[in-house]
Amino acid sequence: MTSQPTRPAGWAGTPVTGAELTARYQDSVMNTFGVPARVLARGEGSTVWDVDGNRYLDLLGGIAVNSLGHAHPAIVEAVTSQLQTLGHVSNFFISEPQVRLAEKLLELLGGQPGAANGRVFFANSGAEANEAAFKATRRTGRTRVVATEGSFHGRTMGSLALTSKAQYREPFEPLPGDVTFVPYGDAPALEAAIDDTVAAFVVEPIQGEAGVVDPPEGYLAAAREITARHGALLWVDEVQTGVGRTGDWFAHTSSGVVPDLVTLAKGLGGGIPIGAMIALGDAATLLGPGQHGTTFGGNPVATAAALAVIATIESEGLLASATARGDQLAAGLARHPRVQAVTGRGLLRGVVLTEPRAADVQAAAYDAGLIVNAPTPDRLRLAPALVLTEDEAAHAVATISALLDEVLA
Ligand SMILES: *Cc1c(COP(=O)(O)O)cnc(C)c1O
């Protein structure tokens, strides 16, 4: 898709170029990430446009966030009408969307609404959901937490303590302590690391930031068995994998495992910031009155957005669609000689290249009107909206294949 000098139809922003906004960004926004390559202006479904009028097929979905794509009418309507009715209430008051979302999440996790077997704490991000879970683990009377190599759990001090990447951790040490790391997917190593002093094992059912890394079959079941035997909590971080992304409501669902703690964020609000920490069974009462809180947690607008996301996944059959479109992408891309493997499930996919040039492919993809991401030197990550169509998936396969021919020739 070539650059067009004209602005897209419906464009209503200020007339400004990408180059100009990038310069102003550099002079005003803190440089914690590096300067992004494009300035986006508008989106619809799986398509976004930048301020210079270029059009892209969005295969990243705001990193697994825009589960219903851009500007989905269900989210627009839910957020707009909730904001017109009651926008924020504080922790001193209950609002109906908050209660309905808590009940719905418990129902999706297999519990019964209102039953004594689960409770939800609402936060505003993945890191915050993990902070809540981390604090809950301290209420077991034990302090040790086991996490995995390659993990990503967020950037706050607590969630960073559980994140393995040295480059993220080291500038901020000392971090909250008593965290040890075991190789991901290695059940014997977990067995060796967990004893009766461990409060919790925290694990992603598929490692997202590590490049969409699948554990071996049976890993979560082994983790459940080992943690249960030692009275430790099993804490599944579903921030990236949850809410339909893998074709199931949660990536751990198919393992048959019932965790003690589940954390959610990214896809839950479909673009509206929200996180949730769900504690099941005895874990539900670890945190008591006065022990945790956040001003915006359970905000009516954010919870209304999440309810709209879940209702739309149900009404539009998006779990089945995530599986079908994900299989289509995987099958199409796996045929390319420069692709070693396609990892992940549903619409969270890693494309493992034969050469460590994923960053070059990402840059070329932008020029070709496709948004993909390179989380590691040899992997592309795809996490498009669950509403991705069959034609869009076919276009994605064709375009990525052509890019691999060109860049990795
Ligand atoms: C993105 C992510 C987080 C952190 O979420 P934020 O909303 O960025 O704080 C935590 N865990 C996993 C698995 C993630 O992918």
Side-chain angles (χ1 to χ4, degrees), residues 62 64-68 72-133 136 236-245 248-253 259-281 283-285 287 292-316 318-319 386:
V65 165
N66 299 314
S67 25
L68 305 186
H72 193 290
I75 298 183
V76 173
E77 151 61 22
V79 165
T80 307
S81 65
Q82 186 58 48
L83 196 51
Q84 285 168 338
T85 309
L86 186 68
H88 179 78
V89 297
S90 87
N91 296 317
F92 290 111
F93 302 96
I94 295 169
S95 73
E96 188 183 344
Q98 176 183 29
V99 177
R100 285 177 48 219
L101 181 61
E103 290 172 347
K104 188 69 193 177
L105 290 173
L106 292 173
E107 180 196 315
L108 295 178
L109 278 161
Q112 291 303 310
N117 59 357
R119 293 290 186 272
V120 180
F121 176 83
F122 287 113
N124 314 290
S125 68
E128 278 186 54
N130 284 332
E131 288 292 336
V236 179
D237 181 343
E238 293 257 13
V239 167
Q240 187 154 160
T241 49
V243 201
R245 176 136 303 273
D248 288 316
W249 282 110
F250 307 98
H252 73 268
T253 308
D260 301 293
L261 303 173
V262 178
T263 46
L264 302 175
K266 290 193 168 85
L268 179 59
I272 300 297
I274 183 170
M277 187 272 276
I278 302 127
L280 299 171
T285 51
L287 289 173
H292 200 46
T294 166
T295 298
F296 293 115
N299 170 281
V301 176
T303 48
L307 284 165
V309 167
I310 292 169
T312 305
I313 290 174
E314 286 176 331
S315 65
E316 295 186 8
L318 296 181
L319 296 182
L386 309 185

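All values below were derived from every heavy atom in this structure, side-chain atoms included, with hydrogens, water molecules and symmetry-related copies excluded.
- Here the closest non-hydrogen pair linking G267 and S67 is O-OG, 2.8 Å.
- Between F250 and L109, the closest side-chain pair of non-hydrogen atoms falls below 4.5 Å.
- With sequence neighbours excluded, the residues satisfying salt bridge (Lys or Arg N to Asp or Glu O under 4.0 Å) with E314 are K104.
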Atom pairs and distances, donor-acceptor, side-chain atoms in residues 90-98, under 3.5 Å, two or more places apart:
{"residue": "S90", "atom": "OG", "partner": "F92", "partner atom": "N", "Å": "3.1"}
{"residue": "N91", "atom": "ND2", "partner": "T294", "partner atom": "O", "Å": "3.3"}

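- Smallest separation of non-hydrogen atoms from A276 and L105: CB-CD1, 4.2 Å.
- Atoms CD1 and CG, from I278 and D260 in turn, are 13.0 Å apart once rounded to the nearest 0.5 Å.
- A pairwise comparison of heavy atoms in A136 and M277 identifies CB-CE, 4.1 Å as the closest pair.
- Closest approach of N130 and T263 over heavy atoms only: OD1-OG1, 2.8 Å.
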Only distances under 3.5 Å count here; give the side-chain donor-acceptor pairs of residues 298-309 to other protein atoms, sequence neighbours excluded, each with its distance to 0.1 Å.
{"residue": "N299", "atom": "OD1", "partner": "V301", "partner atom": "N", "Å": "2.8"}
{"residue": "N299", "atom": "OD1", "partner": "A302", "partner atom": "N", "Å": "3.1"}
{"residue": "N299", "atom": "ND2", "partner": "G87", "partner atom": "O", "Å": "3.1"}
{"residue": "N299", "atom": "ND2", "partner": "H88", "partner atom": "ND1", "Å": "3.1"}
{"residue": "T303", "atom": "OG1", "partner": "N299", "partner atom": "O", "Å": "2.9"}
{"residue": "T303", "atom": "OG1", "partner": "P300", "partner atom": "O", "Å": "3.2"}

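- Every pair tested for side chain to side chain donor-acceptor pair (under 3.5 Å) that includes a residue from residues 266-280 fails, sequence neighbours excluded, so the list is empty.
- With rounding to the nearest 0.5 Å, the separation of CD1 in I274 from CG in N124 is 8.0 Å.
- Side-chain N or O atoms of N66 include none that pairs as donor or acceptor with a backbone N or O of L68 at under 3.5 Å.
- By the side chain to side chain contact (heavy atoms under 4.5 Å, CB included) test, T80 is found to be paired with V76, Q84, residues two or more places apart in sequence or in another chain being considered.
- E77 meets the side chain to side chain contact (heavy atoms under 4.5 Å, CB included) test with S81; sequence neighbours excluded.
- Under a 3.5 Å cut-off, the side chain of E238 and the backbone N or O of H252 do form a donor-acceptor pair.
- Annotation: side chain of L261 is not in contact with side chain of L280 (no heavy-atom distance under 4.5 Å).
- Across all their heavy atoms, A265 and S125 have their closest contact at CB-C, 3.6 Å.
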